[in-house]
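Below is one structure, written out as structure tokens, with a few remarks after it.
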Amino acid sequence: MSFKTDLSYANVLTSAINVDWQELRGDDLEGVQIILPKITRDVLEQYNAEIDEFDEADWLEDNPAEDFATEDERSAAMAKEKQEFDESALDDAIERFKESDAHHEWADTFEPMMNYFWPVELGYGVELEEAATMIDQHAGCATLVYVESLDTHGIALSGGGMDLSWDLAAAYLCCGCVPPLNILSGLPHMKERSNEVIKHIVEVCIPKAAEFMEDRANSLRDHANKLTDLIE
């Protein structure tokens with residue numbers, strides 16, 4: 001997955017909303033849905049989930065060299081079967097992980113902590129799990145949620161204690177959107193510009209936001225000129 005360049009402008013004028021997460025969750029705790037990222041092999045390994053391993057020795061014993069025209073053909077057949085086995089084993093491990101206490105522990109790391117969130121309308125073609133996965137990778141303290149009573153998705157913070165404007169901006173970028181002006185205009189200075197996320201925000205998002213504001217200003221000037229013509 002890579003960052004989009006045809007970013008949505010739908011959230012440029014968005015502002016944060018103060019919320020009470022406990023109230024929004026409601027008595028049944030179903031009022032707020034955390035959009036979890038894709039469970040990867042790294043997540044499983046981090047939580048010591050068991051993943052079945054392909055046994056090359058057993059495969060070679062069951063598939064002797066004389067059954068193949070060449071050794072390359074035999075190696076290719078083993079590689080194909082290993083790939084299929086690994087994919088199936090990963091799927092099985094994920095299903096077991098979802099039923100474990102470790103999954104709840106992992107999911108809890110995405111719970112909102114700060115009492116506000118930023119509504120977001122995902123860019124065209126961006127899937128929820130895809131956005132959540134990219135946020136997990138590139139916007140460390142941000143999390144993607146759906147608030148039932150407001151019927152909207154939003155970006156919340158799962159950590160605090162510092163200025164997390166860059167995380168919020170990165171989260172909007174991961175959703176395929178130009179971040180809100182309120183976030184972009186308050187980004188703190190960072191001397192190190194080599195980070196891929198920062199580079200994309202500085203070189204793509206901010207210029208697009210500037211173009212948006214220029215278009216709005218030109219439209220307002222045209223409107224003012226038309227009104228002036230009415231009173232002359």
TODO: Supply the atom-to-atom distance L164 CG to I183 CD1, rounded to the nearest 0.5 angstrom.
DONE: 11.0 Å
Task: D108 CG to S158 OG distance, which is reported to the nearest 0.5 Å - done: 11.5 Å
Task: E84 atom CD, neighbour heavy-atom count above 12 within 6.0 Å - done: yes
TODO: Using a cut-off of 6.0 Å, state whether more than 12 heavy atoms not belonging to N225 lie near its atom CG.
DONE: yes
Open item on the list: Are Q46 and D42 packed together at the side-chain level, in the sense that at least one heavy-atom pair is separated by less than 4.5 angstrom?
Closed with: no
Open item on the list: Tell me whether S88 contacts the main-chain N or O of F85 through its side chain, where contact means a donor paired with an acceptor under 3.5 Å.
Closed with: no
Task: Within-4.5 Å side-chain heavy-atom neighbours: I39 and L44 - done: yes
Open item on the list: Strictly distance-based, threshold 3.5 Å: is any side-chain N or O of S219 a donor or acceptor partner for the main-chain N or O of R216?
Closed with: no
Task: Closest heavy-atom pair and its distance - P112, R25 - done: CD-NH2, 3.8 Å
TODO: Please indicate whether E66 has more than 12 foreign heavy atoms, meaning atoms of other residues, nucleotides or ligands, lying under 6.0 Å from its CD.
DONE: yes
Task: L168 with V178, same ILVMFWY side-chain cluster at under 4.5 Å - done: yes
- [ ] Supply the atom-to-atom distance Y9 OH to E211 CD, rounded to the nearest 0.5 angstrom.
- [x] 5.0 Å
Open item on the list: Is any side-chain heavy atom of T133 closer than 4.5 Å to one of C174?
Closed with: no
TODO: Please tell me if the side chains of T5 and H200 come closer than 4.5 Å, counting only heavy atoms from C-beta onward.
DONE: yes
TODO: Taking all heavy atoms of A170 and all of H138, pick out the closest pair and write down the distance.
DONE: CB-O, 3.7 Å
Task: Atom CD of E111: over 12 foreign heavy atoms under 6.0 Å - done: yes
Task: SG on C205 to CD1 on I198, rounded to 0.5 Å - done: 12.0 Å
Task: Gap between atom CG of N63 and atom CG of D58 - 0.5 Å precision - done: 10.5 Å
Task: N11 side chain to T14 backbone, donor-acceptor under 3.5 Å - done: no
TODO: Grab the two heavy atoms, one from L184 and one from P179, that are nearest each other, plus how far apart they are.
DONE: CD1-O, 3.6 Å
TODO: Is it possible for you to say whether I34 and I135 belong to one hydrophobic cluster, with membership spreading through side-chain heavy-atom contacts below 4.5 Å?
DONE: no
TODO: May I ask you to decide whether K226 forms a salt bridge with D222, counting only side-chain N to carboxylate O separations under 4.0 Å?
DONE: no
Task: Within 6.0 Å of CD in E127, more than 12 heavy atoms from elsewhere - done: no
TODO: Check the pair R74, E71 against salt bridge (Lys or Arg N to Asp or Glu O under 4.0 Å), reporting the backbone distance first and the verdict last.
DONE: CA-CA 5 Å; R74 188 187 188 201; E71 188 59 33; 3.8 Å; yes
Task: Geometric class of the W118/Y172 ring pair [parallel <30°, tilted 30-60°, perpendicular >60°] - done: perpendicular
Task: Backbone of P188 reached by a side-chain donor or acceptor of W166 within 3.5 Å - done: yes
Task: Over all atoms of both residues, closest heavy-atom pair of W21 and Y116 - done: CZ2-O, 3.8 Å
Task: D27 atom CG, over 12 foreign heavy atoms within 6.0 Å - done: no
Task: From CG (D52) to CZ (R96), nearest 0.5 Å - done: 5.5 Å
TODO: Flag yes if V12 and V126 sit in one hydrophobic cluster, no otherwise; membership is Ile, Leu, Val, Met, Phe, Trp, Tyr, and two members link when side-chain heavy atoms are under 4.5 Å apart.
DONE: yes
Open item on the list: To check you understand the geometry: which heavy-atom pair defines the closest contact between P119 and I17, and what is its length?
Closed with: CG-CD1, 3.5 Å
- [ ] Kindly work out whether a path of hydrophobic side-chain contacts (I/L/V/M/F/W/Y, heavy atoms less than 4.5 Å apart) joins V120 to M114.
- [x] yes
Task: Exam field: side chain D136 to backbone A132, donor-acceptor pair closer than 3.5 Å - done: no
TODO: Could you tell me whether H104 atom NE2 has more than 12 heavy atoms of other residues or ligands within 6.0 Å of it?
DONE: yes
- [ ] Treating Ile, Leu, Val, Met, Phe, Trp and Tyr as nodes and any side-chain heavy-atom pair under 4.5 angstrom as an edge, say whether L128 and L36 lie in one connected cluster.
- [x] no
Task: Heavy-atom neighbours of E87 CD exceed 12 at 6.0 Å - done: yes
Open item on the list: With side-chain contact (heavy atoms from CB on, under 4.5 Å) as the criterion, how do F3 and E196 come out once you've worked through the C-alpha distance, each side chain's angles and the decisive distance to 0.1 Å?
Closed with: CA-CA 10 Å; F3 297 124; E196 178 188 2; 3.6 Å; yes
- [ ] For side-chain contact (heavy atoms from CB on, under 4.5 Å), just list the numbers for K82 and D86, CA-CA rounded to whole Å, side-chain angles, deciding distance to a tenth of an Å, and then say yes or no.
- [x] CA-CA 6 Å; K82 181 180 185 303; D86 288 346; 2.8 Å; yes
Return all side-chain donor-acceptor pairs below 3.5 angstrom for residues 141-157, not counting sequence neighbours, or 'none' if the list is empty.
residue, atom, partner, partner atom, Å
T143, OG1, F110, O, 2.9
Y146, OH, D151, OD1, 2.6

Task: Exercise: identify the closest heavy-atom pair between W59 and E81 - done: NE1-OE1, 3.0 Å
